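A short worksheet on the structure shown next.
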There are 2 protein chains.
Amino acid sequence: MNTIFKALNDPTRREILQLLKDRDLTAGEIADQFNISKPSISHHLDLLRQADLVQSVKEGQFIYYSLNTTVMDEILTWLMQFRKKKKK
Amino acid sequence: MNTIFKALNDPTRREILQLLKDRDLTAGEIADQFNISKPSISHHLDLLRQADLVQSVKEGQFIYYSLNTTVMDEILTWLMQFRKKKKK
DNA sequence: AAAGTATTTTTATATTTGTCTAAATATATA
DNA sequence: TATATATTTAGACAAATATAAAAATACTTT
């Protein structure tokens with residue numbers, strides 16, 4: 001849960017997730033969407049992968065990144081606990 | 001959304017939310033649950049308040065903190081967007 | 001009014017994080 | 001095999017963050 005929130009605690013990384021919502025993208029395609037160096041994006045992708053929020057698949061010289069929505073469910077469950085009633 | 005995720009990106013702050021799930025607590029009662037100085041806890045509470053995840057009410061010399069679950073809904077909505085289908 | 005309790009603010013420090021450049025790895029093409 | 005392309009790794013630096021100690025503020029009680 002720690003690594004998940006750490007990964008989500010960055011505007012660039014959240015924007016990457018938004019991009020991947022539409023379709024899978026290569027690391028280069030993702031980097032092209034930002035005014036940030038490729039190594040930086042690579043690092044962001046690494047953190048997202050550590051949190052299991054994205055998955056990467058190598059295809060030839062490209063590495064395709066895709067969204068892993070199952071982890072989102074984990075956060076959802078965590079959030080839901082707070083909906084329970086409290087003692088008065 | 002930035003301040004929310006920033007606030008959630010800390011184990012101590014998430015644990016504070018868990019404590020407040022059961023019942024409202026004063027800053028001192030919260031601090032007693034951790035091996036961290038009161039100023040530190042005060043700072044954590046400040047970040048949680050900035051994110052509107054908690055609310056504080058002064059009662060005499062005490063300040064009671066309580067959970068504000070409406071912000072959780074905002075995160076929930078943000079998470080839900082990723083459930084949409086992607087282009088093939 | 002003085003002393004005590006609850007909490008925050010200020011200041012300082014150590015650690016973590018985001019970013020860059022340069023170098024390394026891996027694959028493709030000529 | 002040499003060169004180009006895609007991506008990551010390594011190393012360095014500045015900015016942000018968590019924490020603590022000390023001081024300040026606010027309320028309560030004596």
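Residue numbers start from 1 in every chain, and the chains themselves are labelled A, B, ... in the order their sequence lines are given, proteins ahead of strands. Because the structure is a prediction, the values reported are computed rather than measured.
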Query - All side chain to side chain donor-acceptor pair (under 3.5 Å) counterparts of B:Gln50, not counting sequence neighbours - result: B:Asp46

Report summary line: Rounded to whole Å, the CD-P distance (B:Gln50 to D:dA18) equals 11 Å

**Report entry** Identified side-chain contact (heavy atoms from CB on, under 4.5 Å) counterpart of A:Phe82 within the set B:Leu17, B:Leu53, B:Val71
**Finding:** B:Leu17

Polar atom pairs between nucleotides 7-11 of chain D and protein, under 3.5 Å, N or O only, would you list them?
{"from": "D:dT7", "atom 1": "OP1", "to": "A:Ala27", "atom 2": "N", "distance (Å)": "3.4"}
{"from": "D:dT7", "atom 1": "OP1", "to": "A:Ile63", "atom 2": "N", "distance (Å)": "3.3"}
{"from": "D:dT7", "atom 1": "OP2", "to": "A:Gly28", "atom 2": "N", "distance (Å)": "2.6"}
{"from": "D:dT8", "atom 1": "OP1", "to": "A:Tyr65", "atom 2": "OH", "distance (Å)": "2.5"}
{"from": "D:dT8", "atom 1": "OP2", "to": "A:Ser42", "atom 2": "OG", "distance (Å)": "2.8"}
{"from": "D:dT8", "atom 1": "O5'", "to": "A:Ser42", "atom 2": "OG", "distance (Å)": "3.2"}

Review item, side-chain donor-acceptor pairs of residues 5-12 of chain A, under 3.5 Å, at least two apart:
{"from": "A:Asn9", "atom 1": "OD1", "to": "B:Lys6", "atom 2": "N", "distance (Å)": "3.3"}
{"from": "A:Asp10", "atom 1": "OD1", "to": "A:Thr12", "atom 2": "N", "distance (Å)": "2.9"}
{"from": "A:Asp10", "atom 1": "OD1", "to": "A:Arg13", "atom 2": "N", "distance (Å)": "3.1"}

Query raised in the report: Would you say the side chain of B:Leu20 lies within less than 4.5 Å of the side chain of B:Ile30, judging by non-hydrogen atoms?
Result: yes

Query raised in the report: Rounded to the Å, how far apart are B:Arg14 CZ and D:dA18 C1'?
Result: 14 Å

Requested in this report: Would you classify B:Ile30 as touching base, sugar-phosphate or nothing, given that sugar-phosphate means primed atoms plus P, OP1 and OP2, and contacts are heavy atoms under 4.0 Å?
Outcome: nothing

Report summary line: Taken to the nearest 0.5 Å, the spacing of B:Ile36 CD1 from B:Ile41 CD1 works out to 4.5 Å

Report summary line: Residues pairing under side chain to side chain donor-acceptor pair (under 3.5 Å) where one sits in residues 71-80 of chain B, two or more places apart or in two chains, turn out to be A:Arg83-B:Asp73

Query raised in the report: Between atom CG of A:Asp32 and atom CG of A:Leu25, what is the distance when rounded to the nearest 0.5 Å?
Result: 10.0 Å

Query raised in the report: Quick one: how far along DNA chain C does chain B reach, first to last nucleotide 5' to 3', anything under 4.0 Å to a heavy atom?
Result: C:dT5 to C:dT9

**Report entry** Non-neighbouring partners of A:Gln55 that pass side chain to side chain contact (heavy atoms under 4.5 Å, CB included), sequence neighbours left out
**Finding:** A:Ser66, A:Asn68

Report task. For A:Asn35 and for A:Glu59, find the nucleotide of DNA chain C with the closest heavy atom, then tell me which residue's nucleotide is more 5'. Result -> A:Asn35

